[in-house]
Peer 1: 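I have a structure I would like to understand better, so I am pasting it below and will then ask my questions one at a time.
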4 protein chains.
Amino acid sequence: MPELICELCRQFYHLGWVSGTGGGISIRGPEGIYIAPSGVQKERLKPADIFLLRDLPHDEVREDHACEVLRGPNGLKISECRPLFFNAYRLRGAGAVMHSHSLWAVLAARLAAPDGGPGEFVCRGLEMQKGLRGVGCFDTLRVPIIANTAREAELTASMAEAMTAYPGVDAVLVAGHGVYVWGVDWAQAKTQAECYDYLFRAVVESHRLGLPVGG
Amino acid sequence: MPELICELCRQFYHLGWVSGTGGGISIRGPEGIYIAPSGVQKERLKPADIFLLRDLPHDEVREDHACEVLRGPNGLKISECRPLFFNAYRLRGAGAVMHSHSLWAVLAARLAAPDGGPGEFVCRGLEMQKGLRGVGCFDTLRVPIIANTAREAELTASMAEAMTAYPGVDAVLVAGHGVYVWGVDWAQAKTQAECYDYLFRAVVESHRLGLPVGG
Amino acid sequence: MPELICELCRQFYHLGWVSGTGGGISIRGPEGIYIAPSGVQKERLKPADIFLLRDLPHDEVREDHACEVLRGPNGLKISECRPLFFNAYRLRGAGAVMHSHSLWAVLAARLAAPDGGPGEFVCRGLEMQKGLRGVGCFDTLRVPIIANTAREAELTASMAEAMTAYPGVDAVLVAGHGVYVWGVDWAQAKTQAECYDYLFRAVVESHRLGLPVGG
Amino acid sequence: MPELICELCRQFYHLGWVSGTGGGISIRGPEGIYIAPSGVQKERLKPADIFLLRDLPHDEVREDHACEVLRGPNGLKISECRPLFFNAYRLRGAGAVMHSHSLWAVLAARLAAPDGGPGEFVCRGLEMQKGLRGVGCFDTLRVPIIANTAREAELTASMAEAMTAYPGVDAVLVAGHGVYVWGVDWAQAKTQAECYDYLFRAVVESHRLGLPVGG
């Protein structure tokens, strides 16, 4: 699993999702929850850099977000995204969570919520919507946008609220920041993350052409 | 042939044509028709993931699109594009078919048919038109756009109609969705797919500059 | 040398200069003039695909563009660009010539000559101009644009005229088509081709921002 | 260290920062200061192409920028950026400096200083600002823009002035040219260079959407 995380991080780097050490990824395995470190160049991660945290039973949703490190590399810190990733694990039983700083996510959120959110990204009529759980290509897709906070961990409560308000959606946009996407396993999380990125870009590019999608 | 399909899928992934498991490819070989599976990450396909279907004689055009699997990987489904690929095999005697979700195809179709189609993509005066069968650089290229449907297989009849209406064109755009491109063999299909993608982008970028091509 | 040509073609493919079998490259070696074949996928060229032509003395400028093949792969045709490449060899004593279909070249030419040329691309004030022979960053760069023709070989005379009219410039833009760039050796030709592509894009992107460069 | 420089140059080439032999990189090691050569294709550098210069004590800030070559490849020249890199070493005690010709840096500077500078790039409200030393995501980031000069070395004094005027900022934009970014070590310099490039692009793309960031 650590090898897979490194491979996905290299791939995300080339997609422009994790430049400047930004973004992150976490995958739930049988041994616990794997998570990338903070502040490390994502395209250069090595398996030994990946943390393994104790998994938590589903009913521990409301606790203080503490976690127990089963295995951790010396000198590195766990990604600041940890409590946000745990939102997806606890509230949705996710198998993997990805956090991208893609510029398309940032621009799509800004277009939908120019004042910095909260708000809602809207899109309809695109085939790639079918790559998302429960969405057809003629449905109207609505993704919550939450306002950014000075520290990443402070997003935990508003992300959880947005997840509760949009039970059918596996993503939360953060204004000026990026997007969190999850899935039942890493493959679905990645597929959904790619579909969302495509849809964010489609809406931004359509807007530029004077042809808004959705909204 | 399965190795070639995997290699082309990796290449198409980097071109942005098959992200989020979207898009697909099929090649006709002496043993039958090779086709990629549905819902699998295209840049990670392995030769063992590729289906082999019984080829059909040219006069079976109007049947019910059933097919006989000669070899298929466990646990995977054949791409939903199969009946659309078979349109090209049956109506045109194609040797290979490619289906791309390229954003340039989607934007070009939207620009030409803002209401979702049917419609026609028009372009002229570009050298890359010469990479297309029977088209010169000063010709006016017209590519049919069909409306999208909730399920991919439902496109079969309207795609066949468009192919009949445009006998000189080896591509059909699907609004909000992407494009199907074929050729006498995989090399020509790929060359034409790349030329079309270039032309779609050229028209979109020219429109942004206030310098429309064709239309 | 054939290996280098294949390697450069792969690199140009990833730069978007030679998709759909378009574009080309030729390098002068001690044994003669190497040139890529026509209609072959440039990112898949193998050394055995490269032609070797007899080099010509400098004073044979005005002949009929015939050439003698010293070594040629079976079943392939010499690139249609041959007489255009020979313009650079004969009129300028070039050591290598590159032909790109880059969309930035096409858009920059269209912006400068919306009616399809002839015309002139103008740019000034960019550091990357210093990568071009004899150009400083505060100079005004002027690159000739010639009108496209139905067949590539028909460009030979107007390209030669443009080269004569702009003796200080190592590039000729072809409207709706792309650009020819040469240099004293392959390294300088490639460096200049990259600088031109950057400048073409810079002018197009600046225009989009309402901030024209040059003109 | 020379291997790392070559690897980073290849990576920067693919990011579009060092095409056409432009841009550069220098890293301070225990043996001295490593620096790439001038006018060489950055994606093709070999470790033997890298110069090693004698490091200078911190108090030699005001000297004539001469340097002593401890090891240098035959036939190559030291990058013209040397005195600019030394600005960062002397004035800031940097461990590494990167110079990019990224089009996003050029466009962002042009947008902020259409007359060619001096001026100031302004940005606020973006999470990626947190990848920069001492900057929070709600802070207003201000990066100095200096006017370009005919020769790179002539930028030395105005770059030093800008660095003195903006002690909290680890980057200087050069109008029509690119950006210099440094850090305490190569990893921080690269992280900051990537964050800046993202922010430059974010502001340019937002401007295109009619949604300015900062300013």
Side-chain angles (χ1 to χ4, degrees), chain C residues 4 7-8 10-17 96 98 100 102 104 108 123-133 135-141 170-171 181 183-214, chain D residues 10 13-14 16-24 38-44 76 80-81 84 99-117 146-152 154-155 173-180 200-201 203-210 212:
Chain C
L4 177 64
E7 188 187 332
L8 290 170
R10 276 194 301 276
Q11 192 170 351
F12 294 169
Y13 179 81
H14 293 294
L15 293 173
W17 296 0
M98 285 154 197
S100 145
S102 168
W104 303 114
C123 168
R124 73 173 135 253
L126 291 172
E127 178 73 9
M128 288 288 272
Q129 298 177 189
K130 286 165 63 177
L132 305 176
R133 176 176 64 91
V135 186
C137 67
F138 296 119
D139 293 339
T140 296
L141 171 70
D170 290 338
V181 183
V184 293
D185 53 26
W186 73 265
Q188 196 210 10
K190 171 175 174 287
T191 294
Q192 294 199 118
E194 289 184 347
C195 289
Y196 274 117
D197 203 57
Y198 178 102
L199 295 169
F200 296 150
R201 182 171 183 185
V203 166
V204 169
E205 301 271 17
S206 293
H207 179 88
R208 275 189 195 149
L209 290 166
L211 295 165
V213 181
Chain D
R10 276 194 300 276
Y13 180 82
H14 293 294
W17 296 1
V18 296
S19 69
T21 81
S38 172
V40 176
Q41 297 182 18
K42 293 293 184 291
E43 80 280 18
R44 290 169 185 269
L76 295 178
E80 279 253 3
C81 308
L84 307 168
H99 173 41
S100 146
H101 283 187
S102 168
L103 201 52
W104 303 113
V106 169
L107 293 172
R110 186 175 293 269
L111 212 49
D115 59 353
I146 61 175
N148 202 16
T149 53
R151 298 208 44 182
E152 202 136 16
E154 295 165 358
L155 293 168
L173 280 159
V174 186
H177 182 154
V179 67
Y180 287 86
F200 297 149
R201 180 170 185 185
V203 166
V204 170
E205 302 270 18
S206 293
H207 179 87
R208 275 189 196 149
L209 290 166

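Labels below follow one simple rule: chain letters A, B, ... track the order of the sequence lines, proteins then strands, and each chain is numbered from 1.
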Peer 1: Can you tell if the side chain of C/Leu199 reaches within under 4.5 Å of the side chain of C/Val203, non-hydrogen atoms only?
Peer 2: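 In short, these two side chains do not touch, never coming nearer than 4.5 Å.
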
Peer 1: Could you tell me if the side chain of D/Leu173 sits less than 4.5 Å from the side chain of D/Ile146, heavy atoms only?
Peer 2: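 Heavy-atom side-chain distance check fails, nothing below 4.5 Å.
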
Peer 1: Considering non-hydrogen atoms only, spot the tightest contact between D/Ala150 and C/Phe138 and give its length.
Peer 2: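 Residues D/Ala150 and C/Phe138, closest heavy atoms: N-CE1, 3.4 Å.
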
Peer 1: Do you know the tightest heavy-atom contact between C/Asp139 and C/Arg124?
Peer 2: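 Minimum heavy-atom contact is O-CB, 3.3 Å.
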
Peer 1: Quick check on the interface: out of D/Thr21, D/Leu107, D/Val174, who has the most heavy-atom pairs with chain C under 4.5 Å?
Peer 2: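 That would be D/Leu107.
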
Peer 1: Kindly indicate, with the supporting measurements, whether the criterion salt bridge (charged side-chain N to carboxylate O under 4.0 Å, His left out) is fulfilled by C/Glu7 and C/Arg10.
Peer 2: CA-CA 5 Å; C/Glu7 188 187 332; C/Arg10 276 194 301 276; 5.4 Å; no

Peer 1: If you look at every heavy atom in C/Leu126 and C/Ala202, which pair is closest and at what distance?
Peer 2: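 Of all heavy-atom pairs spanning C/Leu126 and C/Ala202, the closest is CD1-CB, 3.7 Å.
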
Peer 1: Contact part of D/Arg44 toward chain C, heavy-atom cut-off under 4.5 Å: side chain, backbone, both or neither?
Peer 2: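 Interface part for D/Arg44: side chain.
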
Peer 1: Where on D/Val204 is there a heavy atom nearer than 4.5 Å to chain C: the side chain, the backbone, both, or neither?
Peer 2: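 Backbone plus side chain of D/Val204, per the 4.5 Å heavy-atom cut-off to chain C.
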
Peer 1: Which region of D/Glu152, side chain (C-beta onward) or backbone (N, CA, C, O), has a non-hydrogen atom less than 4.5 Å from a non-hydrogen atom of chain C, or is it both or neither?
Peer 2: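 Both backbone and side chain of D/Glu152 come within 4.5 Å of chain C.
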
Peer 1: With D/Ala147, which residues qualify under side-chain contact (heavy atoms from CB on, under 4.5 Å), at least two apart?
Peer 2: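 Not a single residue meets the side-chain contact (heavy atoms from CB on, under 4.5 Å) criterion with D/Ala147.
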
Peer 1: Step by step, would you call C/Phe12 with C/Trp17 a ring pair (Phe, Tyr, Trp, His ring centres under 6.0 Å)?
Peer 2: CA-CA 5 Å; C/Phe12 294 169; C/Trp17 296 0; 4.9 Å; yes

Peer 1: Residues of residues 190-198 of chain C under 4.5 Å from chain D (heavy atom pairs)?
Peer 2: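 Listed by number, the contacting residues are C/Lys190, C/Thr191, C/Glu194, C/Cys195, C/Tyr198.
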
Peer 1: Give, as side chain, backbone, both or neither, the part of C/Leu15 having an atom under 4.5 angstrom from any heavy atom of chain D.
Peer 2: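 Contact with chain D is through the side chain of C/Leu15 alone.
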
Peer 1: Can you name the nearest heavy-atom pair linking D/Gly116 to D/Ala175, along with the distance?
Peer 2: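 Of all heavy-atom pairs spanning D/Gly116 and D/Ala175, the closest is O-CB, 3.2 Å.
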
Peer 1: Hey, which of C/Gln188, C/Arg201, C/His14 has the most heavy atom pairs under 4.5 Å with chain D?
Peer 2: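 Ranked by heavy-atom pairs under 4.5 Å with chain D, first place is C/Arg201.
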
